[in-house]
Colleague: 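My questions all concern the structure below.
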Amino acid sequence: MKELIYGDTHWDERKRRFHFEKLKKDLETDVLIIGGGMSGTLTAYVLSKATDRKITVIDGKDIATGSSRANTGLLQVSSDTMLSEFMETIGEGKARGFYKMCQEAMMDLHRIREIFPECSLRERQSLYMATEKDHEEKLRKEYEALKGQGMRLRYLSREEARKEFDADCYSALLIDGDADVDPVKFIETLTKENAEKGVQYYEDTEVDLSSVKEREIFTKDGHKILFQEVIFATGYAYVYPFLKDKIEIGRTYALVTEKIDGSPWKDEVMIWETKDPYLYLRTSQDGRIVAGGLDEEMSHVEKEEIKLKEKEAELKASCEKLLFHELPLDVEHFYNALFGSVKDGLPLIGKEPGRKNRYYLLGYEGNGTCYSMAGAKIIKDLLLGRENPYADIVKLDR
């Protein structure tokens, strides 16, 4: 398994709320979920509500310590690829279907917030900024596409964005209905609920992914796990050979500031831009600024301290240019992490071609939590033999 993160993440500070034992003997289960991060947790949550099958979640480390530690907690309907761009590449029908899938997933996440207020999910607006002059036209086009999708949003001229948000951009979209979250607290909240519903959990239990057969897989310690269905929710830790031509692994950087007094900008909207790669900013619920970007085409984490100091300074300086006023970017945590993307911009969710009982929920791209929520419902429907209106859009062999 790849090393996914290097550095000091904000989520590492909090003490674990619980621990699960390591698998120390052979095991038999109905549904095996490999991965205890966001995707595996939401899948266990959705399945445990829909079926009385025995569900087991295993993780090679501790729950929520893989890719989830690097999650900066912006939850948005909008993808890294604009709706208007998808309409040109995959057709209007599939593009609008995909964005509808994301809209429904965001509503489902808000429903979880209503059921579990302690999960730390918080409704937010997003400010999507055209930070280059020649992006004005495509942002206007995206506004029309999102408006036609039924989303709640406003188009802001350069003057309006400056007046309302002190934003340094040529135009912007103010989008309603998004959210932010402490990803580890969210996963821990649902894990507690899942365990209380009877979902079995095992931590520090790494499996040999090359050992999987029709109904069995082995742990690295040699224990056999028998299953009826298996769901791979392994994040960026492993690239499956039959998917490797679709996937690209990159590297990104993130910082979290010290606690600050007051709101650093109006309404604490989540800020991101139209550049590729883009920068983004949000506030945390404990009074910090979270920022990220500077994506690179690198498949390993950066460990050289001199380079990391340079990247920290570059990220800080770049973020300070997004607004006209000075930001309190006194960095307390800085790290870099790997992320996955798919060449067509869509996540990989569904049944392995030619296999009856292998499912994958790989919420690649920059909207992973939203895709995890949508994917959990798709996997549930496929596993239970039901139709799902979005399964064909994100299927593995598209």
Side-chain angles (χ1 to χ4, degrees), residues 1-2 31-44 46-47 50 55 57-58 66-67 79-81 86 89-91 93-102 104-105 207-217 227-250 299 338-398:
M1 296 280 185
K2 279 182 174 290
V31 180
L32 174 65
I33 300 174
I34 301 175
M38 189 66 76
S39 295
T41 299
L42 282 166
T43 302
V46 170
L47 279 178
I55 301 168
V57 178
I58 62 171
S67 304
S79 167
D80 284 1
T81 303
F86 271 137
T89 58
I90 64 174
K94 283 188 176 181
R96 289 202 178 278
F98 177 67
Y99 262 64
K100 185 178 180 184
M101 180 193 86
C102 295
E104 292 179 4
V207 293
D208 180 0
L209 291 169
S210 66
S211 74
V212 64
K213 298 180 181 178
E214 184 176 352
R215 305 260 179 214
E216 68 182 34
I217 194 169
F227 56 81
Q228 296 302 310
E229 284 95 9
V230 59
I231 300 164
F232 297 92
T234 48
Y236 312 135
Y238 184 81
V239 176
Y240 298 90
F242 78 101
L243 294 173
K244 64 182 178 61
D245 292 336
K246 298 177 181 287
I247 293 169
E248 297 173 335
I249 300 297
S299 59
L338 300 186
F339 68 95
S341 60
V342 185
K343 292 178 181 178
D344 66 2
L346 299 169
L348 293 162
I349 302 167
K351 186 181 292 189
E352 181 177 341
R355 303 286 185 178
K356 294 181 179 179
N357 64 340
R358 295 187 195 177
Y359 305 86
Y360 296 77
L361 203 179
L362 304 173
Y364 291 176
E365 302 295 320
N367 206 8
T369 301
C370 187
Y371 299 160
S372 294
M373 183 71 253
K377 294 174 67 179
I378 291 172
I379 297 294
K380 179 257 297 180
D381 287 343
L382 293 176
L383 193 145
L384 298 179
R386 301 172 183 171
E387 292 290 325
N388 184 284
Y390 311 116
D392 189 62
I393 300 172
V394 295
K395 65 182 181 180
L396 307 184
D397 59 344
R398 57 181 182 265

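Predicted, not measured: the structure shown is a model, and the values here were computed from it.
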Colleague: If you measure from CZ on Arg215 to NZ on Lys356, what distance do you get to the nearest 0.5 Å?
Modeller: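 Output value for this atom pair is 8.0 Å.
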Colleague: Val46 and Met373: which non-hydrogen atoms are nearest, and at how many Å?
Modeller: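 Looks like CG2-CE, 3.7 Å.
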Colleague: Where is the tightest heavy-atom contact between Pro353 and Asp397, given as atom of each residue plus distance?
Modeller: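 That would be CG-CB, 3.7 Å.
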Colleague: Roughly how far, to the nearest 0.5 Å, is the CG atom of Leu362 from the OG atom of Ser39?
Modeller: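 Interatomic distance, Ser39 OG to Leu362 CG, rounded to 0.5 Å: 7.5 Å.
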Colleague: Looking at Asn357 and Gln228, would you say the former's side chain and the latter's main chain have a donor-acceptor pair under 3.5 Å?
Modeller: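 Flag set: sc Asn357 to bb Gln228 pair under 3.5 Å.
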Colleague: Assess whether side-chain contact (heavy atoms from CB on, under 4.5 Å) is satisfied between Thr89 and Thr81, documenting all intermediate values.
Modeller: CA-CA 10 Å; Thr89 58; Thr81 303; 5.6 Å; no
Colleague: What heavy-atom pair brings Ala105 and Cys370 nearest, and what distance separates the two atoms?
Modeller: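 Between these two residues, the closest heavy atoms are CB-O, 3.5 Å.
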Colleague: Given the rule in the side-chain contact (heavy atoms from CB on, under 4.5 Å) test, do Lys395 and Asp392 qualify, once you have shown the distances and angles that lead to the verdict?
Modeller: CA-CA 5 Å; Lys395 65 182 181 180; Asp392 189 62; 2.9 Å; yes
Colleague: Find the distance between OG1 (Thr43) and CD1 (Ile55) and round it off to the nearest 0.5 Å.
Modeller: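 CD1 of Ile55 is found 9.5 Å from OG1 of Thr43.
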Colleague: Classify the ring geometry of Phe242 against Tyr240: parallel below 30°, tilted from 30° to 60°, perpendicular beyond 60°.
Modeller: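 It falls in the tilted class, 30° to 60°.
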Colleague: State which residues pass side-chain contact (heavy atoms from CB on, under 4.5 Å) with Glu104; sequence neighbours excluded, sorted by chain then number.
Modeller: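 Expected list: Lys100, Met107, Tyr390.
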Colleague: How close do Glu248 and Lys343 get, counting heavy atoms only, and between which atoms?
Modeller: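 That closest heavy-atom pairing would be OE2-CE, 3.7 Å.
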Colleague: Within the structure provided, determine whether Lys94 and Phe86 are in side-chain contact (heavy-atom separation under 4.5 Å).
Modeller: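 No; the side chains remain at least 4.5 Å from each other.
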Colleague: Minimum heavy-atom separation for Ala391 to Leu382, with atom names?
Modeller: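 The pair with the smallest heavy-atom distance is CB-CD2, 4.3 Å.
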Colleague: Of the non-hydrogen atoms in Val57 and Ala44, which two are nearest, and what is the gap between them?
Modeller: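 For Val57 versus Ala44, the nearest heavy atoms are CG2-CB, 3.9 Å.
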Colleague: Return the CG to OH distance between Leu396 and Tyr359, rounded to the nearest 0.5 Å.
Modeller: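 One finds 11.5 Å between CG of Leu396 and OH of Tyr359.
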Colleague: Just so I know, are the side chains of Arg398 and Leu346 near enough to count as touching, which here means a heavy-atom distance under 4.5 Å?
Modeller: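 Contact flag for Arg398/Leu346 side chains = yes.
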Colleague: Can you tell me how far apart NZ (Lys377) and CG (Asp381) are? Round to the nearest 0.5 Å.
Modeller: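 One finds 8.0 Å between NZ of Lys377 and CG of Asp381.
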Colleague: Excluding sequence neighbours, so at least two apart, what forms side-chain hydrogen bond (donor to acceptor under 3.5 Å, both in side chains) with Ser79?
Modeller: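 With sequence neighbours excluded, Ser79 shows a side-chain hydrogen bond (donor to acceptor under 3.5 Å, both in side chains) to Tyr371, given in chain and number order.
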Colleague: With Phe227 as reference, evaluate Ile33, Val31, Val212 under the side chain to side chain contact (heavy atoms under 4.5 Å, CB included) test and give the passing residue.
Modeller: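 For Phe227, the side chain to side chain contact (heavy atoms under 4.5 Å, CB included) test succeeds with only one of Ile33, Val31, Val212, which is Val212.
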Colleague: According to the interplanar angle, ranging from 0 to 90°, do the rings of Tyr236 and Tyr364 count as parallel (below 30°), tilted (30 to 60°) or perpendicular (above 60°)?
Modeller: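 It falls in the tilted class, 30° to 60°.
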Colleague: Quick one: does Lys246's side chain get under 4.5 Å of Leu348's, heavy atoms only?
Modeller: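 In contact.
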Colleague: Check whether any side-chain heavy atom of Ile378 lies under 4.5 Å from a side-chain heavy atom of Val394, and answer yes or no.
Modeller: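 Yes, their side chains come closer than 4.5 Å.
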Colleague: With heavy-atom distances below 4.5 Å as the criterion, would you say the side chains of Ile379 and Ile349 are in contact?
Modeller: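 SC-SC contact between Ile379 and Ile349 confirmed.
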Colleague: With a 4.5 Å heavy-atom cut-off, do Ile34 and Val207 have their side chains touching?
Modeller: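 Contact flag for Ile34/Val207 side chains = yes.
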Colleague: Any chance you could measure Ile393, atom CD1, to Asp344, atom CG, to the nearest 0.5 Å?
Modeller: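 CG of Asp344 is found 11.5 Å from CD1 of Ile393.
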Colleague: Applying side-chain contact (heavy atoms from CB on, under 4.5 Å), name anything that partners Thr41, two or more places apart in sequence or on another chain.
Modeller: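 Scan of Thr41 (side-chain contact (heavy atoms from CB on, under 4.5 Å), adjacent residues dropped) gives Ile187, Leu190, Thr191, Asn194.
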